[in-house]
Amino acid sequence: MTTRPGRAPERDQAAWRRTARTALVAVAAVVALTLSGCVTWFLPAKTVTTSTPAPDAVSAELQPYYSQVLHWTNCSGGKQCATAKAPLDWDHPGKGDVELALIRQQAKGTKQGSLLTNPGGPGASGFDFVKDSVDFVADRTLQEHFDIVGFDPRGVGRSTAVKCYDAEQMDQYLYGITPGERGSDQWIAENTTIAKDFGEACKKNTGAPLPKVDTVSAARDLDLLRATLGDTKLNYLGYSYGTYLGAVYAGLYPGKTGRLVLDGALDPAATNFDVTEVQAKGFESALRAYLTDCLTRKDCPFSGTVDEAMGTVGQLLAAVEKSPIRNSDGRELGANTLVTAIITPLYDATAWSYLDKLFESVMKGSASVAFSLADTYNNRQADGTYSDNSTEAFVAINCLDYTYDADPALMRQQAAELAKAAPVIGPYMAYGDIGCANWPYKATGQRGPISADGSAPILVVGTTNDPATPYVWAKNLASELQNGHLLTYKGEGHTAYNKSNSCVNDTVDEYLVKGTVPAEGKTC
């Protein structure tokens, strides 16, 4: 969710932020939340190690990529880093390369292979995920048995990356207020211009890689990385959007699936509007769950029933939509930025206390906490710079993976459906098609069920009140996969492994380490 509907609809770009509780601590002081800035973290390359690629029967054009030897250098607290090359265009390998940045923590015990991981997004850095938060990626059991490998997919971070705007331009894109009534001809026209300008900047500043950052290309990169790491089968732990990447891989290479865990699943068959509507309901449900808990406490900023509190939130959103609140840095808090601030703590029930601070401050006419939360979501630092390119990559990848229709009549009809399905959150998730319908390249993704016939067993993990990737998607994916198996976590929050309970952790560990598939219908 962004202030600009000209960007793709909010899906799960913050899902990877499994360390949000740490980042959110600063809200208590009502100061801008920041993620770690860029630092010189590479250590001198005192030792160089290599991986022997696994033999793969590929075409002569692809053989140089599959047979490349990765040169690992020491970096970041005992981990190792390397760079792989992949074809820019997998259908025409001679048209240039992209670089893929990798980092690994070697197995602490008896190694049984590599475990590649993706934290979500699309656009989140798997490299940083392992570099900064390996204990959140995988528990000690998995660290004993596997090299934990993070990588930045094409378009992201330290790999060949999408580049669009500088920080000042990004501020205007994310936080600027669009004139006119939401959904009016003037408002749509203004956002269409914003979307076209953003897309043209991405095209100019990124160049040839921009139309090649789709998920199918990333899944083919994933197979290349598997081979260069020396593994004959892929072991993989994907969160949120990472489940879609893993499912696409399984569909392309069912015979090369080892043990795949897909936690916080997306449904590959869901259309763009399906995704938006189901997620609007998910955040609405999570907001109700927060308010239900809040109203039991004396310090809750709301009173009355849950329905009355939901109505109060809706009134706050309508108020800042009409009269934005100016922040101390000059930015204005509109409704969509406030929604971004609201959904950020909804990803993790242990962060709900920050919603208390958010609503208290907005009710008093202050925008500071809201911008702190929204800045954390958007990876904007206290000095006004952005710590990564996750927004640009998020848009670029989604614009290729889904199809979009910005017909005003259709968008208004869908806006009405969203408002009915999720009266508080839904209205601010409408009109997202504007951004990608005006993208400089046509979508290439094909939405539909993925069966991955002939694959090894694939473990799908779903949380019953996950706001970002609702439980129904996990159920759908597990049933669509020919060899899919569903593990249910009954609880709140986005994703379950390594953040919920020992039942989930033990089940996932048993599967990844021993290949044990849980009993059908297992619930934790």
Side-chain angles (χ1 to χ4, degrees), residues 41-90 93 96-108 110-119 125-132 134 137-138 142-143 145-161 209 212-213 217-238 242 245-246 249 252-253 256-260:
W41 54 267
F42 281 101
L43 300 177
K46 295 181 179 179
T47 62
V48 177
T49 60
T50 61
S51 296
T52 302
D56 271 77
V58 296
S59 68
E61 286 182 304
L62 293 178
Q63 194 57 51
Y65 294 102
Y66 271 75
S67 63
Q68 68 184 295
V69 175
L70 298 180
H71 296 274
W72 296 91
T73 59
N74 293 332
C75 66
S76 188
K79 300 180 181 68
Q80 295 180 322
C81 299
T83 301
K85 289 188 180 297
L88 170 64
D89 184 342
W90 274 94
D97 302 333
V98 294
E99 292 188 341
L100 304 173
L102 298 96
I103 186 170
R104 71 178 178 188
Q105 176 182 278
Q106 292 182 291
K108 297 182 177 181
T110 302
K111 176 183 173 180
Q112 60 186 72
S114 303
L115 180 65
L116 283 102
T117 185
N118 180 279
S125 171
F127 188 107
D128 288 346
F129 196 35
V130 170
K131 169 182 168 285
D132 298 330
V134 69
V137 178
L142 298 187
Q143 293 182 43
H145 292 277
F146 294 96
D147 288 352
I148 308 299
V149 182
F151 66 99
D152 283 352
R154 58 175 59 210
V156 176
R158 291 177 173 83
S159 294
T160 298
K212 301 297 181 183
V213 296
S217 294
R220 299 186 73 174
D221 293 344
L222 188 56
D223 190 59
L224 170 65
L225 296 181
R226 170 203 58 76
T228 58
L229 289 166
D231 296 325
T232 56
K233 299 285 181 81
L234 175 71
N235 298 313
Y236 176 78
L237 177 55
L245 177 59
Y249 178 90
L252 291 172
Y253 306 102
K256 295 181 181 180
T257 53
R259 296 166 188 170
L260 275 62

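Starting from 1, each residue takes its place in the sequence as its number. If you're wondering where the values come from, they're calculated on a predicted model, not measured in any experiment.
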Looking at [X] and [Y], what are the two nearest heavy atoms and their distance?
| X | Y | value |
| --- | --- | --- |
| Asn235 | Ser114 | CB-O, 3.3 Å |
| Ala161 | Gly157 | CB-O, 3.5 Å |
| Ala219 | Leu252 | CB-CD1, 3.9 Å |
| Gly150 | Thr117 | CA-CG2, 4.2 Å |

Taking the side chain from [X] and the backbone from [Y], do they hold a donor-acceptor pair closer than 3.5 Å?
| X | Y | result |
| --- | --- | --- |
| Ser159 | Ala101 | yes |
| Gln143 | Ile148 | no |
| Gln68 | Lys85 | yes |
| Ser125 | Asp128 | yes |
| Asp152 | Gly126 | yes |
| Tyr236 | Gly242 | yes |

Under 4.5 Å between any side-chain heavy atoms of [X] and [Y], yes or no?
| X | Y | answer |
| --- | --- | --- |
| Trp90 | Leu62 | yes |
| Arg226 | Tyr249 | yes |
| Tyr253 | Leu234 | no |
| Leu88 | Pro209 | yes |

*Asp223 and Tyr66: side-chain donor and acceptor closer than 3.5 Å?*
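Result is yes, a qualifying pair exists.
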From [atom1] ([X]) to [atom2] ([Y]), nearest 0.5 Å:
| X | Y | atom1 | atom2 | value |
| --- | --- | --- | --- | --- |
| Leu70 | Thr228 | CG | OG1 | 4.0 Å |
| Phe151 | Leu225 | CZ | CG | 6.0 Å |
| Leu102 | Leu116 | CG | CG | 7.5 Å |
| Arg104 | Ser76 | CZ | OG | 14.0 Å |
| Lys79 | Asp132 | NZ | CG | 8.0 Å |
| Asp89 | Asp97 | CG | CG | 11.5 Å |

*Given Ile103 and Gln80, is the side-chain contact (heavy atoms from CB on, under 4.5 Å) satisfied, shown in steps?*
CA-CA 6 Å; Ile103 186 170; Gln80 295 180 322; over 6 Å; no
*For Arg154, check salt bridge (Lys or Arg N to Asp or Glu O under 4.0 Å) against everything at least two apart and list the hits.*
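Counting only residues at least two positions away or on another chain, Arg154 forms a salt bridge (Lys or Arg N to Asp or Glu O under 4.0 Å) with Asp221.
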*Sort out for me which residue in Gln106, Gln112, Lys111 forms a side chain to side chain donor-acceptor pair (under 3.5 Å) with Asp147.*
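Checked Gln106, Gln112, Lys111 against Asp147; only one passes side chain to side chain donor-acceptor pair (under 3.5 Å): Lys111.
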*Have a look at Lys256 and tell me which of Leu222, Asp56, Asp231 forms a side-chain contact (heavy atoms from CB on, under 4.5 Å) with it.*
Asp56
*Do Phe127 and Val156 pass the side-chain contact (heavy atoms from CB on, under 4.5 Å) test, and can you show the C-alpha distance, the side-chain angles, and the key distance before you say yes or no?*
CA-CA 10 Å; Phe127 188 107; Val156 176; over 6 Å; no
*Could you go step by step and tell me if Val137 and Phe129 meet the side-chain contact (heavy atoms from CB on, under 4.5 Å) rule?*
CA-CA 7 Å; Val137 178; Phe129 196 35; 3.5 Å; yes
